[in-house]
Amino acid sequence: MLRWMKKSNANDSDAYTSTIDGMKKVYKKFVRPLEELYRYQEFYSPLLTDSDFDAPPTVMLLGQYSTGKTTFIKYLLETDYPGLRIGPEPTTDKFVAIMHGEQDQIIPGNALVVDHKRSYKVLSRFGNNFLQRFEGAVINNPILSGMTLLDTPGVLSGTKQTISRGYDFTGVVSWFAERVDMIVLLFDAHKLDISDEFQRVIEACKGNDTKVRIVLNKADKVTNQQLMRVYGALMWSLGKVLGTPEVARVYIGSFWDQPYSNDENRKLFEAEEEDLFKDIQSVPRGAIIRKLNDLIKRCRLAKTHAYIIAHLKEEMPAVFGKEAKQKQLINNLPAIFEQIQRATGLPAGDFPNVEDFSVSLKKCDFSKFKPLNQGLIDALDKMIATELPRLMAQVPQDQEVFHEDYMRNLNKREGGALYDDDTTPFGMGGTLDILNSPVPVNDYQYEFEQLVPDSDGKINGTQAKQPMQDSKLPNTTLKRIWQLGDVDKDGKLDIREFAIVRHLIKLKLDGHELPVEVPKIWLEGLEIDDYKR
């Protein structure tokens with residue numbers, strides 16, 4: 001068990017051994033009593049348990065069939081997982097939670113939901129038809145030591161949309177979307193149409209916009225010109241579905257282990273892949289702050305919900321006309337929200353969607369609602385003002401511990417696309433041989449002499465500026481290169497320093513990051529004692 005997930009052994013209930021431990025305590029003491037009193041779980045999500053806080057971060061993949069979701073997971077893990085099936089038609093017909101374990105195995109859905117160590121217990125409410133389409137795939141892979149991957153059934157299109165799945169597919173997606181740490185929406189460069197079911201799935205993810213990442217997969221199948229058009233069409237389609245002026249980051253590439261069909265965008269694909277994998281690699285580190293952020297959102301929503309329910313209770317008659325009054329209150333819900341907002345000062349953004357809330361209210365008997373318990377509200381406000389800042393202060397330390405644990409597990413075994421190996425020329429941020437070989441000073445001798453060095457054999461910044469700008473690198477990058485190359489910090493370059501500058505430019509143009517300092521092997525032959533780096 002990772003250190004950040006360990007349970008508290010402290011006797012002092014006010015002492016938090018970790019951020020996760022603190023979240024469990026404040027939820028049970030301040031938030032859950034308010035939720036239970038005002039039946040929060042009947043309107044929003046179920047009450048939380050310890051397993052919800054202990055659950056590892058999860059990345060969920062969504063997309064229409066044959067967009068490469070399962071292949072993407074295989075490419076990420078660099079191995080098959082138990083039960084994996086890949087094909088052009090909807091071969092993944094289940095929700096598959098791919099988890100870490102010592103022995104490879106498949107765990108059926110009914111067994112998963114009764115395992116108190118996992119956070120899937122509430123999924124039993126979606127019925128047996130869903131549980132037969134839900135399973136866990138356990139595999140010993142270092143990437144999974146700090147996160148779970150969730151493969152999903154291909155979203156249907158065309159006439160297939162009319163076929164019932166036998167369970168609330170959109171409801172399941174919505175439940176997972178609220179709890180996962182990242183949602184990856186995959187699109188095929190050849191199939192950008194968004195089916196009705198896929199639109200409903202995307203809409204089910206609303207409210208979790210910060211978690212969404214978009215992948216335009218199989219981009220090597222189109223030419224450079226076609227790719228520009230496809231990208232524009234995708235952004236236009238998403239803008240209509242998401243209903244926002246800004247769309248989440250789109251990663252372009254071909255995420256499988258086969259050769260590129262069209263190699264002209266190789267550098268773009270490699271850069272996008274590196275960015276996406278770094279984004280995924282950061283998920284475990286950001287899991288703690290994400291859980292804390294979700295808890296804060298839940299606190300605000302629970303407080304607003306309490307005021308709404310208490311107000312509806314107060315408006316109900318004591319004896320006669322209850323049914324008519326209840327209908328009137330439901331129809332007048334927007335005005336009631338405004339009234340509560342003015343009376344309490346609660347932000348409008350903390351109030352629920354009127355239509356969704358109305359649907360839930362129609363199933364309730366308002367006379368059974370509880371009046372406002374100001375003591376619970378005050379206790380919640382005090383907790384938000386005092387305890388949550390304490391937890392926020394503890395997050396950086398716990399994040400660092402968790403990150404160290406995860407990277408240690410990740411690098412124990414050379415495997416998985418997130419394994420960062422700088423010893424090969426193909427790793428993420430790979431150093432190549434250029435950093436491990438001496439600088440060929442003679443290769444730059446002629447170019448240096450053409451700049452007419454002074455009597456000391458040096459050129460100044462004005463002389464070096466144009467040749468460096470010919471690389472078309474940004475000035476901020478060239479400034480950093482100059483700082484590294486001017487080893488003795490005299491504002492000039494001799495032939496050896498000039499060679500270092502040209503070598504750094506070549507490194508950057510090849511698509512690699514600049515080193516933090518000049519490699520020692522590059523300084524061989526220089527009078528190092530005379531230079532202060």
Side-chain angles (χ1 to χ4, degrees), residues 23-49 52 122 125 168 171 174-175 178-179 203-204 206-208 292-389 391:
M23 284 191 283
K24 291 178 186 177
K25 288 183 176 180
V26 299
Y27 174 75
K28 291 177 182 177
K29 185 175 181 180
F30 300 102
V31 187
R32 181 160 181 152
L34 195 68
E35 292 180 345
E36 290 176 338
L37 184 63
Y38 297 105
R39 299 157 61 173
Y40 178 95
Q41 67 277 13
E42 297 180 23
F43 294 83
Y44 306 102
S45 56
L47 302 177
L48 300 180
T49 63
D52 290 306
V122 179
R125 69 187 177 100
D168 184 4
S174 178
W175 186 90
E178 186 177 335
R179 288 159 178 78
E203 290 173 348
K206 284 188 176 180
N208 302 283
L292 184 56
N293 182 64
D294 286 351
L295 178 61
I296 295 172
K297 285 168 54 180
R298 193 177 180 104
C299 290
R300 295 168 65 94
L301 187 57
K303 177 181 175 181
T304 303
H305 177 74
Y307 275 113
I308 295 172
I309 297 299
H311 180 86
L312 295 175
K313 170 67 175 179
E314 185 180 353
E315 293 294 317
M316 288 295 291
V319 182
F320 302 109
K322 292 183 179 180
E323 185 175 347
K325 184 62 174 179
Q326 183 165 320
K327 290 180 180 179
Q328 179 187 349
L329 290 171
I330 293 176
N331 293 333
N332 200 34
L333 206 54
I336 291 175
F337 282 5
E338 291 182 8
Q339 181 181 349
I340 296 173
Q341 185 182 348
R342 289 193 300 269
T344 61
L346 293 170
D350 287 355
F351 284 79
N353 178 273
V354 172
E355 293 182 5
D356 295 340
F357 201 76
S358 298
V359 172
S360 299
L361 282 177
K362 290 176 182 178
K363 305 173 185 176
C364 301
D365 181 355
F366 290 11
S367 62
K368 295 183 179 179
F369 286 165
K370 302 296 182 182
L372 187 66
N373 186 323
Q374 193 61 48
L376 288 179
I377 297 290
D378 292 342
L380 181 69
D381 287 338
K382 184 177 179 181
M383 181 273 290
I384 294 174
T386 59
E387 299 305 310
L388 291 185
L391 293 176

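This is a predicted model, so every value here is computed, not measured. Sequential numbering from 1 along the given sequence is applied to the chain's residues.
- Contacts of Asp356 classified as side chain to side chain contact (heavy atoms under 4.5 Å, CB included), with partners at least two apart in sequence or in another chain: Asn353.
- One finds the SG atom of Cys364 at 9.5 Å from the CG atom of Leu312 (value rounded to the nearest 0.5 Å).
- Looking at every heavy atom in both residues, Tyr27 comes nearest to Leu48 through OH-N, 2.9 Å.
- With sequence neighbours left out, the side-chain hydrogen bond (donor to acceptor under 3.5 Å, both in side chains) criterion links Glu42 to Arg39.
- The side-chain hydrogen bond (donor to acceptor under 3.5 Å, both in side chains) test applied to Arg125 returns no partner, not counting sequence neighbours.
- The shortest heavy-atom contact between Cys299 and Leu380 is O-CD2, 3.7 Å.
- Nearest heavy-atom pair, Lys322 versus Ser367, reported as atom, atom and distance to 0.1 Å: NZ-CB, 4.0 Å.
- Within the structure, no pair that satisfies the salt bridge (Lys or Arg N to Asp or Glu O under 4.0 Å) test touches residues 365-380, not counting sequence neighbours.
- Looking only at side-chain heavy atoms (C-beta outward), Tyr40 and Val31 stay at 4.5 Å or farther from each other.
- When all heavy atoms are compared, the tightest approach of Thr344 to Ile340 is OG1-O, 2.7 Å.
- Without hydrogens or angle criteria, Tyr38 side chain to Pro371 main chain gives a donor-acceptor distance under 3.5 Å.
- Counting only residues at least two apart or on different chains, the side-chain hydrogen bond (donor to acceptor under 3.5 Å, both in side chains) pairs with a member in residues 294-316 are Glu35-Arg298, Ser45-Arg298, Arg290-Asp294, Arg300-Asp350, Lys303-Asp381.
- When every heavy atom of Pro46 is checked against every heavy atom of Arg179, the shortest pair comes out as CD-NH2, 3.4 Å.
- Side-chain contact between Leu361 and Phe369: present, with at least one pair of heavy atoms (C-beta onward) separated by less than 4.5 Å.
- Applying the side chain to side chain contact (heavy atoms under 4.5 Å, CB included) test to Glu36 and every residue at least two apart in sequence or in another chain returns Arg32, Leu47.
- Within the model, atoms CG of Leu329 and CD1 of Ile336 stand 4.5 Å from one another, a figure rounded to the nearest 0.5 Å.
- Here the OG-NZ distance, from Ser358 to Lys363, works out to 12.0 Å after rounding to the nearest 0.5 Å.
- Summarising the geometry of Ala306 relative to Ile377, their closest heavy-atom pair is CB-CD1, 4.0 Å, with the distance given to 0.1 Å.
- Applying the side-chain hydrogen bond (donor to acceptor under 3.5 Å, both in side chains) rule to Thr49 yields the partners Ser51, Asp52; only residues at least two apart in sequence or on another chain are considered.
- A distance of 7.0 Å separates CD1 of Ile309 from CZ of Phe366, quoted to the nearest 0.5 Å.
- Judged as a side chain to side chain contact (heavy atoms under 4.5 Å, CB included), and not counting sequence neighbours, the contacts of Pro352 are Tyr44, Ile308, Phe337, Phe357.
- Residues forming a side-chain hydrogen bond (donor to acceptor under 3.5 Å, both in side chains) with Glu355 (at least two apart in sequence, or on another chain): none.
- For residues 323-340, the set of pairs meeting the side-chain hydrogen bond (donor to acceptor under 3.5 Å, both in side chains) definition, not counting sequence neighbours, is empty.
- Here Leu391 contributes atom CG and Leu295 contributes atom CG; the two are 8.0 Å apart, rounded to the nearest 0.5 Å.
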